[in-house]
There are 2 protein chains.
Amino acid sequence: MASIKEIAKAAQVSCSTVSRALNHKKGVSTEVRDKIIKIAEDLSYFPHSGARSLVQNRAGVIGVIIPRTSEFAFQSPFYNHVLLGLSEMAGRHDYNLMLIINDSRSYTSFYYRHQVDGVIVVGNRINDERTIELAEKNVPAVIVPGFPEGEYQNLATVNSENFKSTHRAVSYLIGLGHRKIAFVLGSMSSKYSFERLEAYQKAFREHDLDYDPAYVAESDFTKTDAYRLMGELLDLDQPPTAVICINDTLTPGVLQQIFSRGLKIPQQISVVAIGCSDLLDLVLPPLTTVRVPAEAIGQTMARVLIQLIETGHCNKRHTVIPTDFIIRESTGPAIGQGG
Amino acid sequence: MASIKEIAKAAQVSCSTVSRALNHKKGVSTEVRDKIIKIAEDLSYFPHSGARSLVQNRAGVIGVIIPRTSEFAFQSPFYNHVLLGLSEMAGRHDYNLMLIINDSRSYTSFYYRHQVDGVIVVGNRINDERTIELAEKNVPAVIVPGFPEGEYQNLATVNSENFKSTHRAVSYLIGLGHRKIAFVLGSMSSKYSFERLEAYQKAFREHDLDYDPAYVAESDFTKTDAYRLMGELLDLDQPPTAVICINDTLTPGVLQQIFSRGLKIPQQISVVAIGCSDLLDLVLPPLTTVRVPAEAIGQTMARVLIQLIETGHCNKRHTVIPTDFIIRESTGPAIGQGG
DNA sequence: TGCAACAACGCAAACGTTTGAGCGATTCGC
DNA sequence: GCGAATCGCTCAAACGTTTGCGTTGTTGCA
């Protein structure tokens, strides 16, 4: 409500001086500055962000795009944790978040329409032409996941260490004597499904073992489907002695199938979860987990984007965040296996 | 990038005409209008929202404040679903969402600093002075939950039907013969814990029964605490034959305690969940649930706020959204009870 | 023919802020 | 003690829109 003019009048100085005083720029004496600041507080003055963005070409807002249905975005712990990291880091640098969910329009149009300073895309699809447009129009942007073909000045990526972590988990299970290791994947159009499957295969090869494709199930990422698929896997003549769940959404479905059959974990089947959900922390026994650092992903994305916005370049265009492999009580030696 | 000026030059008209043409106001011939619109598209023009908000005093942005830690906000399905409803309804009316989580500053300052058109507070604490400030400064705002003392022109509330739904659930359990009905509450400083407990008590009174406070447990809203409390409840000399979980965060803890003891649901204990989490839908057996319509709450909040913003008043200052009581398979007749 | 009404458009002010240029007054260096 | 640098401040332009008012040209009506 109160504008810089009223403060200027009250303090008997010009607008310029008020602006400089409030922004702590030099060129204003301490007495005048203190006086102005006091008046501004008394009048409960807040700068008009629109006017400011007009002249400064900076809005102090980061656009966050989640190209998923709202349902999906808010149900998956991954997005929640990324948002958490984003909001934390953005807040620390005095940026706010503008949220766009399930908008079919171009990312670039969003950037222009809302005068955000940069754009973050969470859950980028492989080969989404909108990401390329973003890069070609030189919009400061950070995406997860994905490595675009070209090298663009203003486009950065953040990924989690999919291959390595999955590889470690599978190797661990093999080391425990497991050979029939079920792997409940999501859709293979998803980048990380693909990477993690490769890791799975490589771990088998490294131990001079063949892996049986029958134990790899491709789901549509829903709990229901995971429940169904796990049922099919357990109905095999040689049911798996271990199972890996590729993400948070699937894990409950797999677990419920196991629980419903009264199978003991880890005595009868070992379980490894990949994901970031805390909701599963209370599952008994505590699950051996590949923890995807979604919060750190969000933080990093925000940090890189802000650097991109403010300096026009970034130190690392492609960041890979390491995952943790946490061995807890849901995994144990395979039974009835040759070791 | 492209401004209205460039379009004006290209179309050989004045800025005014361009503005009028693009905003579909009258005073411009159809030929000129079409020409301008075409040029605007070719130049991929987007109006500068800052400049627009400067002169129109409207930003097209709704501020969403969640006065919780980021962890809490993003873990609880309630907030997620409210956000879902908000984003859906806001999008439909061409508003965007600006998200503020865990900001200790005044709500009013947020309103002014970011030139949002109105403010939504999700998870208002009883007697939070910041809400009152919002109302007193006449900022268009909608809050959940809560009924402030005074009647303020620009402050509206949305609540879910806490009392009625809980009452119905408890009555149902009593009808099934249950007498020792555990109730795992959250903190009593929370409005809905309080309301729901009252409903619980009233249901007992109405059936001419005394309720035993020993079965009411006040938690700190965490899974861990719920797990612990449910353990204590089951260790009672006369363990409960039914349990009601007051919200999504608690339910997994309670369930895990039950599962870990190998108790059969509903043969040995009936379970009623209050909440909106879909994650629990896959729990076996499917839970009898008081479904809190968080998504509808979000939608309603957005709708009311937009009305408040655009017309300066709203039809209903206090909206109460009904809850559903969904009877599924986790509840059954009490065993070893006199009926 | 004369005049009112109206449509289509341009002009310029206004929104609130930042910032380079400019201008006295004081201080500094030598 | 004189020019140069510095300080503290003001002026005014600029950012991109919208919009009331004015102007021109056309049409309608008597």
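Within every chain, numbering begins at 1; the chains are lettered A, B, ... in the order of the sequence lines, protein sequences first and strands thereafter. Not measured: the values here are computed from a predicted model.
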Atom-pair distance (CG on Leu54(B); C1' on dC15(D)), nearest Å: 9 Å
Length of the CD-C1' vector between Gln12(A) and dG8(D), whole Å: 16 Å
Flag, side chain of Ser53(B) to backbone of Gly50(B), donor-acceptor distance under 3.5 Å: yes
Nearest-Å distance for atom pair CZ/C1', residues Arg58(B) and dC15(C): 17 Å
Protein-nucleotide distance (Tyr112(A), atom OH; dT17(D), atom C1'), rounded to Å: 18 Å
Hey, can you pull the donor-acceptor pairs under 3.5 Å for the side chains in residues 292-302 of chain A, sequence neighbours left out?
from	atom 1	to	atom 2	distance (Å)
Gln299(A)	NE2	Glu88(A)	OE1	2.4
Thr300(A)	OG1	Ala296(A)	O	2.7

Nearest-Å distance for atom pair NZ/P, residues Lys9(A) and dG16(C): 12 Å
Sub-3.5 Å pairs of nitrogen or oxygen atoms, protein against nucleotides 25-28 of chain D:
none

Sub-4.0 Å heavy-atom contacts from residues 26-35 of chain A onto DNA chain D, ordered by number: Gly27(A), Val28(A), Ser29(A), Val32(A)
Hey, can you pull the donor-acceptor pairs under 3.5 Å for the side chains in residues 153-160 of chain B, sequence neighbours left out?
from	atom 1	to	atom 2	distance (Å)
Gln153(B)	NE2	Gly312(B)	O	3.0
Asn154(B)	ND2	Asn138(B)	O	3.1
Thr157(B)	OG1	His318(B)	ND1	2.7
Asn159(B)	OD1	Gly146(B)	N	2.9
Ser160(B)	OG	Asn162(B)	OD1	3.2

For Ile37(A) against His24(A), the heavy-atom pair lying closest together: CD1-NE2, 4.1 Å
Lys35(B) side chain vs Ala11(B) backbone, donor-acceptor pair below 3.5 Å: yes
Test item: Arg33(A) side-chain N/O and Lys25(A) main-chain N/O as donor-acceptor pair under 3.5 Å: yes
Whole-Å gap separating C1' (dT17(C)) and NE2 (His48(B)): 12 Å
Cation-pi, Tyr152(A) ring and Arg317(A) (6.0 angstrom, 45 degrees): no
Asn23(B) (side chain) donor-acceptor with Ser19(B) (main chain) under 3.5 angstrom: yes
Expected output: side-chain Asp117(B) to main-chain Ile309(B) donor-acceptor under 3.5 Å: no
Residue pair Ala90(B) / Ile62(B): nearest heavy atoms and the distance that separates them: CB-CD1, 4.4 Å
Nucleotides 18-27 of chain C: protein proximity per nucleotide (B base, S sugar-phosphate only, - neither; heavy atom, under 4.0 Å): BBB-------
Test: Lys38(B) and Asp34(B) ion pair at under 4.0 Å: no
Nucleotide dC11(D), atom C1' - distance to NZ of Lys5(A) in whole Å: 14 Å
Heavy-atom closest pair, residues Arg130(A) and Ser106(A): CD-CA, 4.1 Å
Degree of bending in the helix from dT1(C)-dA30(D) to dC30(C)-dG1(D) once both end axes are built from five pairs, to 10°: 30°
Side chain Thr17(A), main chain Val13(A), donor-acceptor under 3.5 Å: no
